[in-house]
Amino acid sequence: MFSDDLIAVDSETFEEVDRWDISEPFETGLGAMSLPFGESPYQEQEGVYTGLFRMTDPVQNRRLMGFATVDMAAQAVEFHPIGPSEGVSFTLSPDGTKGYGLRSEIGHYEMWKFDLEGRRVSDRITFAGRPRMALMPSADGTKLYIYNAGNTIDVYDEETFELLRTVALDADMTSVVVVPDP
């Protein structure tokens, strides 16, 4: 549960078993960081989350974004800033070495690739997106699916961002379930 603290409760008794104050900066000189835990089926291990996080630089008073790995059990955060904050979504690759994101402004759509090991944006392209969309990598990591708010799934090549095909469905849908390979 989130508020100014991360609160862990026992799943049977619902009694508080641990608390982590996340309203304070994680390191001296940094601003507070929001922890927007997403829904990726490809997280590395239980209790550890890797994602794109945003914080305010208290000296320059500007928003930054970067990669962070949050270890819930150890109550530790490893943050690596990559630049000014932009309205980009984030989902993790199946192997955990890359991430992907979408930037969506009316009439302007971008697809991003993040190199988590190199701690940088490795690629970004402008493409013909749609006003409401979400992105999910395939279970083998070779394709990217763009979906949401409609009856189509656009399939892109992960390496080149080339549109491979569009899958048309009989009805509207709002989510895609990718089942990871065991």
Side-chain angles (χ1 to χ4, degrees), residues 2 33-55 63-72 77-182:
F2 298 91
M33 185 185 311
S34 60
L35 301 178
F37 296 98
E39 297 178 23
S40 174
Y42 306 120
Q43 289 301 318
E44 306 90 305
Q45 59 188 357
E46 193 154 328
V48 176
Y49 175 82
T50 298
L52 191 63
F53 291 79
R54 290 164 172 81
M55 61 163 281
R63 295 287 291 162
L64 299 173
M65 69 179 184
F67 309 117
T69 299
V70 179
D71 184 334
M72 305 295 259
V77 176
E78 185 179 322
F79 180 70
H80 304 283
I82 59 171
S85 181
E86 296 194 41
V88 181
S89 65
F90 182 86
T91 188
L92 193 63
S93 70
D95 66 4
T97 63
K98 295 178 258 184
Y100 308 97
L102 294 173
R103 182 170 180 211
S104 180
E105 296 174 10
I106 296 175
H108 182 80
Y109 309 102
E110 294 178 353
M111 198 177 325
W112 292 43
K113 187 185 307 184
F114 302 99
D115 173 2
L116 299 180
E117 294 172 326
R119 300 177 182 147
R120 65 188 183 93
V121 176
S122 60
D123 202 1
R124 72 193 256 191
I125 64 156
T126 301
F127 76 112
R130 51 190 180 208
R132 289 181 16 208
M133 58 185 166
L135 182 147
M136 180 63 66
S138 63
D140 65 2
T142 62
K143 296 174 185 60
L144 301 173
Y145 304 124
I146 305 284
Y147 63 93
N148 202 357
N151 68 334
T152 61
I153 302 171
D154 296 326
V155 182
Y156 288 84
D157 180 78
E158 182 278 338
E159 196 170 307
T160 65
F161 288 155
E162 175 189 350
L163 177 62
L164 301 174
R165 69 183 172 281
T166 298
V167 178
L169 305 171
D170 291 337
D172 284 353
M173 53 93 187
T174 58
S175 64
V176 166
V177 175
V178 176
V179 179
D181 200 9

Find the distance between [atom1] ([X]) and [atom2] ([Y]) and round it off to the nearest 0.5 Å.
| X | Y | atom1 | atom2 | result |
| --- | --- | --- | --- | --- |
| D115 | R120 | CG | CZ | 5.0 Å |
| E159 | K98 | CD | NZ | 7.5 Å |
| N151 | D172 | CG | CG | 6.0 Å |
| L144 | D157 | CG | CG | 8.0 Å |
| I153 | M133 | CD1 | CE | 15.0 Å |
| T152 | Y145 | OG1 | OH | 14.5 Å |

If you define the side chain from C-beta out and look only at heavy atoms, does anything of [X] sit under 4.5 Å from [Y]?
| X | Y | answer |
| --- | --- | --- |
| L92 | L116 | yes |
| Y109 | P131 | yes |
| V88 | R124 | no |

> Under the side chain to side chain contact (heavy atoms under 4.5 Å, CB included) criterion, do M65 and I82 qualify, and how do the steps go?
Replying inline: CA-CA 6 Å; M65 69 179 184; I82 59 171; 4.2 Å; yes
Does [Y] offer a backbone N or O that forms a donor-acceptor pair with the side chain of [X] under 3.5 Å?
| X | Y | result |
| --- | --- | --- |
| T69 | E78 | no |
| T91 | M136 | no |
| R63 | E86 | no |
| K113 | T160 | no |

>> If we check side chain to side chain contact (heavy atoms under 4.5 Å, CB included) with Y156, which of these qualifies: M111, R165, K143?
In response: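 Going through the options one by one, the only one that passes is M111.
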>> Could you walk me through whether I125 and E162 satisfy the side chain to side chain contact (heavy atoms under 4.5 Å, CB included) test, starting with their C-alpha distance in whole Å, then the side-chain angles of each, then the deciding distance to 0.1 Å, before giving a yes or no?
In response: CA-CA 10 Å; I125 64 156; E162 175 189 350; over 6 Å; no
> Of all heavy-atom pairs between P94 and S138, which one has the smallest distance, and what is that distance?
Replying inline: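 Closest approach of P94 to S138: CG-O, 3.3 Å.
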> Does F161 have its ring centroid less than 6.0 Å away from the ring centroid of F127?
Replying inline: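 Not under 6.0 Å, so no.
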>> Could you check whether F79 and F53 have their ring centres less than 6.0 Å apart?
In response: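 Centroid distance F53-F79: not below 6.0 Å, so no.
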>> Working note: E105 + E110, criterion side chain to side chain contact (heavy atoms under 4.5 Å, CB included); need CA distance, chi angles, decisive distance, verdict.
In response: CA-CA 9 Å; E105 296 174 10; E110 294 178 353; over 6 Å; no
> Has R132 got more than 12 heavy atoms of other residues, nucleotides or ligands less than 6.0 Å from its CZ?
Replying inline: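 Open.
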>> V77 vs V70, test: side chain to side chain contact (heavy atoms under 4.5 Å, CB included). Steps then yes/no.
In response: CA-CA 5 Å; V77 176; V70 179; 4.1 Å; yes
